[in-house]
Amino acid sequence: MWNPEIESMPREKLRELQLKRLKETVDLAYQNVPHYRQKFDQMGLKPQDVKSLDDLAHLPFTVKTDLRDHYPFGLFAAPLKDIVRVHASSGTTGKPIVVGYTREDISTWAEVMARTIGMVNTTFEDVVQVAYGYGLFTGGLGLHYGAEYMGATVVPMSGGNTKRQIMLMQDFGTTVLCCTPSYALYIAEVFAEIGVPRESLKLRAGLLGAEPWSDAMRREIEEKLKIDAVDIYGLSEVIGPGVASECLCKEGLHICEDHFIPEIIDPETGTVLPPGRPGELVFTTITKKGSPVLRYRTRDITLLIDVPCACGRTHIRMARVMGRSDDMLIIRGVNVFPSQIESVLLSISHTEPHYLIVVDREKALDTLEVWIEVSEDLFRDEIKGLEELERCIHNEIESVLGISVKVKLVEPKTIQRSEGKAKRVVDKRDLPKKQEG
Amino acid sequence: MAVKQISVFLENKSGRLAAVTKLLGEKQVNIRALSIADTSDFGILRLIVNDPDKAHKALKEGGFTVSATDVLAVAVPDTPGGLAPALAVLEDAGVNIEYLYAFVAQRAGMAMVLFKVNDTERAAAALTKAGFSVPKPEEVYSV
């Protein structure tokens with residue numbers, strides 16, 4: 001355990017700490033962020049109305065479009081001179097969602113990341129290979145700072161370049177691998193392909209997240225790589241990875257409750273649901289200074305587990321994410337909204353094209369195909385004209401999503417029309433099924 | 001002067017060409033010439049038919065993506081070296097050829113070449129001036 005004093009803090013004491021910090025955060029948001037003040041004023045609320053943790057349920061929700069509407073820095077609670085870093089994730093259209101970190105936020109993040117990394121008993125003696133993407137995405141730098149804070153030896157590989165990843169894993173004696181679960185499986189396949197002897201590796205654990213996966217996939221990864229594989233969870237709107245992570249009991253992810261208060265709500269009505277009931281996960285940050293969020297609706301469907309855990313940690317657990325309450329897809333760890341692809345197609349064809357997003361998994365790696373029906377406006381009598389169209393759509397989508405895509409031009413009526421809302425996405429991957437209700 | 005060619009977008013999968021020809025047969029449309037340009041995923045079927053408007057309408061109603069394109073028909077002698085002088089004329093006139101295809105006409109000893117060029121009028125004038133026969137569209141549709 002990285003921080004036993006906090007991680008196994010008696011719940012009563014933890015709740016006291018949460019209330020104190022919640023009050024401070026509500027006050028900070030009200031004083032420094034016009035958006036929150038406006039919302040509170042509209043609802044006739046004042047920061048001092050928060051007298052107990054139960055009062056959280058009366059506060060307004062924050063949704064992704066609030067963050068988008070205040071692009072880029074409108075929801076920052078600290079002046080830019082105090083912001084030392086920004087990260088960004090996909091918005092639903094065009095502009096990304098931006099979050100800012102003060103120096104204090106960066107240390108908070110390193111602290112919660114060290115707890116995450118410590119879940120698999122990592123110490124300063126470990127070699128931690130970070131194969132999450134570095135950059136605006138929070139994955140790479142999040143893990144990086146946590147492992148460095150802990151004093152482990154960090155190998156900042158970023159994603160891709162699998163054979164080189166494996167070479168360094170062997171040569172540096174990597175013990176802990178951090179990447180998406182599908183990339184871990186892919187690495188396992190490349191191991192088998194090039195015949196890496198298991199004795200040449202010191203790998204013992206994987207911190208896998210940034211996309212949904214199942215227990216069946218965990219078993220496959222653990223068997224093929226001969227490691228302990230644990231699920232880690234986070235989102236940049238809240239802080240990035242480090243929000244919650246599984247201990248070696250592998251029965252749910254401990255939420256860093258001294259920094260983030262979770263709630264589960266009914267996505268239709270917004271009513272708070274008790275532990276054990278599946279619903280939409282909502283987070284309130286209670287220590288962040290740069291981009292605090294009140295009751296942020298993650299759109300992830302899960303449930304809370306309030307039964308004490310055998311590991312001794314007292315922080316509440318969330319089950320694996322079971323699905324989404326919106327249409328977001330996670331492809332190779334990157335958040336993708338069908339609306340992002342649609343807006344690219346609209347800008348190219350000027351009329352709404354019929355399209356289909358096909359997501360599949362080949363050799364453990366996600367593939368993204370976009371099928372577009374060739375209408376009369378798009379049709380050219382020359383091959384080079386059609387190839388140019390394909391290339392243009394391809395480049396635009398790649399630049400918006402930041403991941404590669406295969407564009408396929410198809411004949412009219414190829415894509416199934418359904419009653420009412422058109423079916424825009426076919427996901428052939430074997431992912432945890434969406435929970436209904 | 002310009003001959004109306006019907007172009008159809010086809011995915012590169014079995015049965016698509018058969019579907020087009022079957023449909024046109026049912027509508028009593030006679031195909032005079034055709035060519036296919038393709039990539040690994042899709043192709044463009046180009047047709048010269050006896051009734052381009054009817055073919056266009058029938059294919060569109062049949063759910064295909066169709067367009068009409070102006071092409072230039074030129075009659076050249078059906079002998080070795082018959083095409084080369086026509087191409088030389090176009091080159092001298094500074095006309096770019098996007099694509100061409102040919103069929104042997106029923107007219108004795110002649111082959112019909114269909115050109116898609118960047119400037120149909122200039123191409124037609126240059127070829128006529130050089131003594132080539134540039135048949136009227138009706139002649140092409142009914143060869």
Side-chain angles (χ1 to χ4, degrees), chain A residues 341 344-346 348-360 362 367-398 404-419 422-423 426 428, chain B residues 2-20 22-23 33-49 52 55-72 96-101 114-120:
Chain A
I341 293 173
V344 167
L345 297 178
L346 268 172
I348 289 169
S349 72
H350 309 294
T351 54
E352 183 165 0
H354 284 288
Y355 68 93
L356 185 70
I357 298 166
V358 182
V359 189
D360 205 346
E362 263 170 45
T367 60
L368 169 64
E369 266 187 21
V370 177
W371 296 13
I372 298 120
E373 286 187 0
V374 176
S375 60
E376 273 177 35
D377 322 338
L378 294 176
F379 185 42
R380 302 285 173 272
D381 171 49
E382 287 163 39
I383 292 289
K384 66 177 178 201
L386 290 175
E387 284 181 337
E388 178 57 32
L389 172 71
E390 249 184 2
R391 197 161 38 239
C392 174
I393 296 172
H394 174 269
N395 294 348
E396 281 295 307
I397 294 179
E398 277 199 2
S404 66
V405 61
K406 183 176 187 305
V407 171
K408 191 173 160 191
L409 299 179
V410 298
E411 285 175 34
K413 309 281 184 294
T414 304
I415 296 164
Q416 206 187 333
R417 308 290 193 272
S418 53
E419 302 287 317
K423 190 166 175 56
V426 172
K428 298 176 176 170
Chain B
V3 173
K4 206 183 260 185
Q5 167 194 271
I6 300 301
S7 304
V8 188
F9 177 80
L10 292 181
E11 270 178 72
N12 223 343
K13 58 187 187 191
S14 63
R16 302 314 298 151
L17 186 56
V20 172
K22 180 165 176 281
L23 177 70
L34 63 78
S35 94
I36 295 177
D38 68 336
T39 70
S40 55
D41 295 326
F42 60 82
I44 300 168
L45 170 66
R46 299 175 180 132
L47 298 163
I48 301 296
V49 296
H56 192 291
K57 186 162 175 279
L59 288 166
K60 195 172 172 177
E61 284 171 3
F64 291 95
T65 298
V66 193
S67 73
T69 311
D70 284 346
V71 294
L72 180 66
N96 279 328
I97 301 167
E98 313 280 357
Y99 57 80
L100 66 82
Y101 53 105
L114 295 152
F115 287 95
K116 171 72 168 65
V117 293
N118 62 342
D119 187 338
T120 310

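These numbers come from the heavy atoms of this one structure, side chains and all, not from hydrogens, waters or symmetry mates. Just so we're on the same page: letters track the sequence lines, and every chain starts at 1.
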Step through the shown structure and confirm whether more than 12 heavy atoms of other residues, nucleotides or ligands are within 6.0 Å of NZ on B/Lys57.
no

Among A/Lys413, A/Arg380, A/Glu387, which has the most heavy-atom pairs under 4.5 Å with chain B?
A/Glu387

Non-hydrogen side-chain atoms of A/Leu409 and B/Phe9 separated by less than 4.5 Å
yes

Can you give each donor-acceptor pair under 3.5 Å made by side-chain atoms of residues 39-47 of chain B, sequence neighbours left out, with the distance rounded to 0.1 Å?
residue : atom : partner  : partner atom : Å
B/Thr39 : OG1  : B/Asp41  : N            : 3.1
B/Thr39 : OG1  : B/Phe42  : N            : 3.1
B/Thr39 : OG1  : B/Phe42  : O            : 3.2
B/Arg46 : NE   : A/Asp381 : O            : 3.4
B/Arg46 : NE   : A/Asp381 : OD1          : 3.1
B/Arg46 : NE   : B/Tyr99  : OH           : 3.4
B/Arg46 : NH2  : A/Asp381 : O            : 2.6

Taking atom OG of B/Ser7 and atom CD of A/Glu382, what is their separation to the nearest 0.5 Å?
9.5 Å

Residues, nucleotides or ligands: over 12 heavy atoms within 6.0 Å of B/Lys116 NZ
yes

If I measure from the heavy atoms of chain A, does B/Glu11 come under 4.5 Å with its side chain, its backbone, both, or neither?
both

With a 4.5 angstrom heavy-atom cut-off, which part of B/Ser67 approaches chain A: side chain, backbone, both or neither?
both

Just jot down the side-chain contact (heavy atoms from CB on, under 4.5 Å) partners of A/Pro412, sequence neighbours excluded, or say none.
A/Glu373, B/Thr65

Which bit of B/Asn12 comes within less than 4.5 Å of chain A, counting heavy atoms only: side chain, backbone, both or neither?
neither

